[in-house]
Amino acid sequence: MVLDHTISSQATFHPHKIKGLNKMGISRDVKIESKPERRLGGNRAAFFVYTVEGLENMAFVCMITSLMTYFSGYMNFSLTKSATTLANFVGTSFLVALFGGFICDTYWTRFKTCVLFGCVEFLGYALLTVQAHFHQLRPIPCKGVSSDQCEAADGSQSAILFTGLYLIAFGTSGIKAALPSLGADQFDENDPKEAIQLSSFFNWFLLSLTVGAIIGVTVIVWLSDNQGWDLGFGVCAIAVFFAIIFVSMGKSLYRNNVPKGSPLARIAQVFVAAIRNRDLPIPERAEELHEIHDKEAGVKQEILPRTGQFSFLDRAAIANTTDLASTSINHGPWRLCTVTQVEETKILLRMLPVILSTVFMNTCLAQLQTFSVQQSTTMDTNVFGFKVPGPSLPVIPLLFIFVMIPIYERFFVPLARKITGIPTGIRHLQRVGVGLVLSVISMAVSGVVETWRKSVAIEHNMVDSTEPLPMSFLWLGFQFAIFGAADMFTLVGLLEFFYAESSTGMKSLGTAISWCSVAFGYFLSSVVVQVVNKVTGGWLASDNLNRDKLNYFYWLLAGISTLNFGVYLTCASWYRYKDRGAMEQIENGGEVDAKGKVQMVEI
């Protein structure tokens with residue numbers, strides 16, 4: 001006997017659902033249910049990324065806002081050594097992200113990178129917790145003891161401290177490189193609906209980062225100051241531990257990247273091959289250049305069209321027919337590269353001026369964080385009877401970002417999308433440009449507020465007084481709020497820009513490069529202060545802000561930022577976005593000429 005319906009190997013057969021079998025054994029109605037396929041990616045998978053970012057950043061931001069107090073008050077470092085140690089720690093945390101990006105583009109998936117680097121970061125917090133808990137592992141605090149008993153941390157105590165710090169820096173760098181790309185991978189940028197969700201992802205990613213930072217600079221900073229540093233570091237360790245748990249919980253939902261080999265090796269191969277072929281003429285037609293179209297592999301392959309910029313690199317994709325005729329061995333990757341490989345290198349070269357022109361904004365951010373906290377110590381920090389600790393001052397821009405992101409995502413982006421037709425509302429580099437303009441305004445406002453603060457000190461004869469001025473520290477909120485908006489535009493703009501424009505094989509490295517702007521900004525900040533002091537004769541050399549020329553310094557930063565914005569405009573205007581339309585045409589049989597125009601040809 002046979003059934004009227006053919007049951008596939010993927011169908012689930014339920015005998016109890018067969019209706020009306022007649023006496024001949026012929027089925028009249030068979031209900032067959034197909035096994036649903038698990039849908040990967042999307043907002044369900046991104047939810048775990050948001051949670052992990054909030055937990056990890058809660059711990060990290062608490063560290064960078066309160067370590068200055070820990071270094072000077074508990075490890076007995078001088079103010080200069082404390083500031084230098086903090087700047088080096090923050091800069092290293094962002095700079096080493098390049099290593100994390102290289103690892104997950106070359107060897108590991110982004111998920112595996114997040115888990116392993118998260119474990120390293122957890123060990124760093126655990127080590128600092130142990131040191132803070134056992135007084136034998138740190139020096140006797142100088143507060144309350146005579147000067148002859150006040151000693152800085154010895155070699156072994158410093159070794160424990162720096163080991164913990166740089167385990168944290170190394171761990172967080174890998175997460176910063178891999179986590180944004182892991183979240184963005186859950187949305188297909190070639191799907192119109194998911195392209196819109198991808199744009200929203202980066203905004204909600206910043207919101208989760210902001211929520212974590214708000215908790216870090218308020219709750220955890222208060223715990224550290226009032227309940228003990230061991231408790232503060234311990235809470236950070238627990239937060240990172242749960243971040244590892246949450247990123248692992250989403251494993252079955254993730255769309256995972258396939259490492260495509262070292263992007264640095266591919267870039268080096270292009271330069272070597274181009275130098276070896278430097279005497280060959282550059283062909284006019286792209287069909288004369290080497291490319292591999294492997295349509296039989298069954299794997300989606302990214303083919304980048306030829307562009308006109310950096311045309312000297314096109315020689316890397318020219319097959320030397322003389323050498324081919326003289327040997328039966330095919331050219332290796334150090335002698336002949338594909339057009340896609342050449343264009344991957346060109347993309348990176350086009351990105352470098354953009355990222356370098358945003359470094360100074362992060363230098364301004366570092367100065368604002370440092371000097372605004374010092375300004376607040378001279379002002380009235382009472383709010384409704386509650387004394388706000390200095391390290392919690394950055395909560396002002398964070399709260400502003402927390403309010404602005406939903407407004408930007410729900411109102412501005414849909415309106416701009418209707419006008420421009422761009423899924424993100426405005427282009428990535430336009431968004432970064434808005435942030436740079438706001439940073440200029442923030443520095444100018446900082447100069448005005450500082451001038452007013454000094455005038456209050458003079459008016460009340462408190463120039464040399466250690467008492468707080470009759471001026472609320474909330475006036476500093478204006479400069480912080482404007483810079484918070486600048487950070488909202490620039491940080492997300494850069495992350496989205498580098499992810500969208502990077503080739504498939506270097507998405508994580510591209511994301512890591514965007515963090516380098518922060519790293520170089522912090523490293524440059526100390527150099528800027530030293531140079532300004534030397535040139536001006538000591539605008540910032542005094543320990544008394546009421547006698548320093550901090551307002552002049554802010555206005556100088558505003559002026560330099562204006563010039564920097566002009567440089568950025570030049571770089572952004574010169575940049576050429578990836579032509580996704582041309583990429584689709586090439587996949588359908590199109591070719592690109594020397595000017596970068598697609599021509600359809602018969603195959």
Side-chain angles (χ1 to χ4, degrees), residues 94 97 101 176-177 180-181 184 189 195 198-207 209-210 347-366 368 397 400-401 404-405 407-409 412-413 415-417 419-420 422-444 481-502 507 509-522 524 557-558 560-578:
F94 289 103
K176 292 185 185 307
S181 298
E189 57 188 341
L198 176 61
S199 173
S200 298
F201 162 77
F202 284 100
N203 290 322
W204 299 130
F205 182 83
L206 178 62
L207 183 64
L209 181 153
T210 302
I347 288 172
L348 181 62
L349 291 178
R350 284 195 292 265
M351 286 176 168
L352 290 180
V354 173
I355 194 66
L356 291 176
S357 59
T358 62
V359 168
F360 195 77
M361 173 187 165
N362 288 292
T363 299
C364 294
L365 174 61
L368 192 66
F400 189 78
I401 295 174
M404 285 293 298
I405 291 174
I407 296 175
Y408 179 86
E409 172 65 25
F412 175 78
V413 172
L415 178 62
R417 188 183 294 140
I419 298 173
T420 64
I422 302 173
T424 55
I426 57 177
R427 290 192 178 274
H428 314 310
L429 295 182
Q430 291 173 332
R431 181 169 182 167
V432 174
V434 171
L436 293 179
V437 171
L438 290 174
S439 71
V440 175
I441 297 174
S442 175
M443 289 296 99
I482 297 172
F483 211 99
D487 209 25
M488 182 191 75
F489 279 94
T490 304
L491 177 60
V492 174
L494 285 175
L495 283 174
E496 193 169 2
F497 168 70
F498 276 90
Y499 180 85
E501 291 297 298
S502 297
K507 294 284 189 185
L509 185 62
T511 303
I513 292 174
S514 67
W515 291 115
C516 287
S517 175
V518 181
F520 291 135
Y522 271 85
L524 184 61
L557 294 180
I560 298 176
S561 296
T562 303
L563 297 176
N564 180 71
F565 177 67
V567 175
Y568 172 80
L569 282 181
T570 303
C571 297
S573 301
W574 172 78
Y575 186 85
R576 294 293 176 266
Y577 286 91
K578 282 199 305 189

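In this text, all values refer to a predicted model and were calculated from it rather than measured experimentally.
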Is any side-chain heavy atom of [Y] closer than 4.5 Å to one of [X]?
| X | Y | result |
| --- | --- | --- |
| Arg350 | Ile347 | yes |
| Pro353 | Trp574 | yes |
| Ile407 | Phe412 | no |
| Thr424 | Glu496 | yes |
| Val492 | Phe201 | no |

Distance check, rounded to the nearest 0.5 Å: [X] atom [atom1] versus [Y] atom [atom2]?
| X | Y | atom1 | atom2 | value |
| --- | --- | --- | --- | --- |
| Ile482 | Asp487 | CD1 | CG | 13.5 Å |
| Phe498 | Ile355 | CZ | CD1 | 4.0 Å |
| Ile560 | Cys364 | CD1 | SG | 8.0 Å |
| Met488 | Ile405 | CE | CD1 | 6.5 Å |

Quick one: does any side-chain atom of [X] pair with a main-chain N or O of [Y] as donor and acceptor, under 3.5 Å?
| X | Y | answer |
| --- | --- | --- |
| Ser439 | Leu436 | yes |
| Glu501 | Lys578 | yes |
| Lys176 | Thr511 | no |
| Thr570 | Gly566 | yes |
| Thr210 | Leu206 | yes |

The complete set of side-chain hydrogen bond (donor to acceptor under 3.5 Å, both in side chains) pairs with one or both residues in residues 353-365, sequence neighbours excluded, reads Thr358-Ser517, Asn362-Ser517
Does the plane of the ring in Phe497 sit parallel, tilted or perpendicular to the ring in Tyr575? Use 30° and 60° as the thresholds. perpendicular
Residues at least two apart in sequence or cross-chain that pass ring-ring contact (aromatic ring centres under 6.0 Å, His included) with Phe520, listed by chain then number, are none
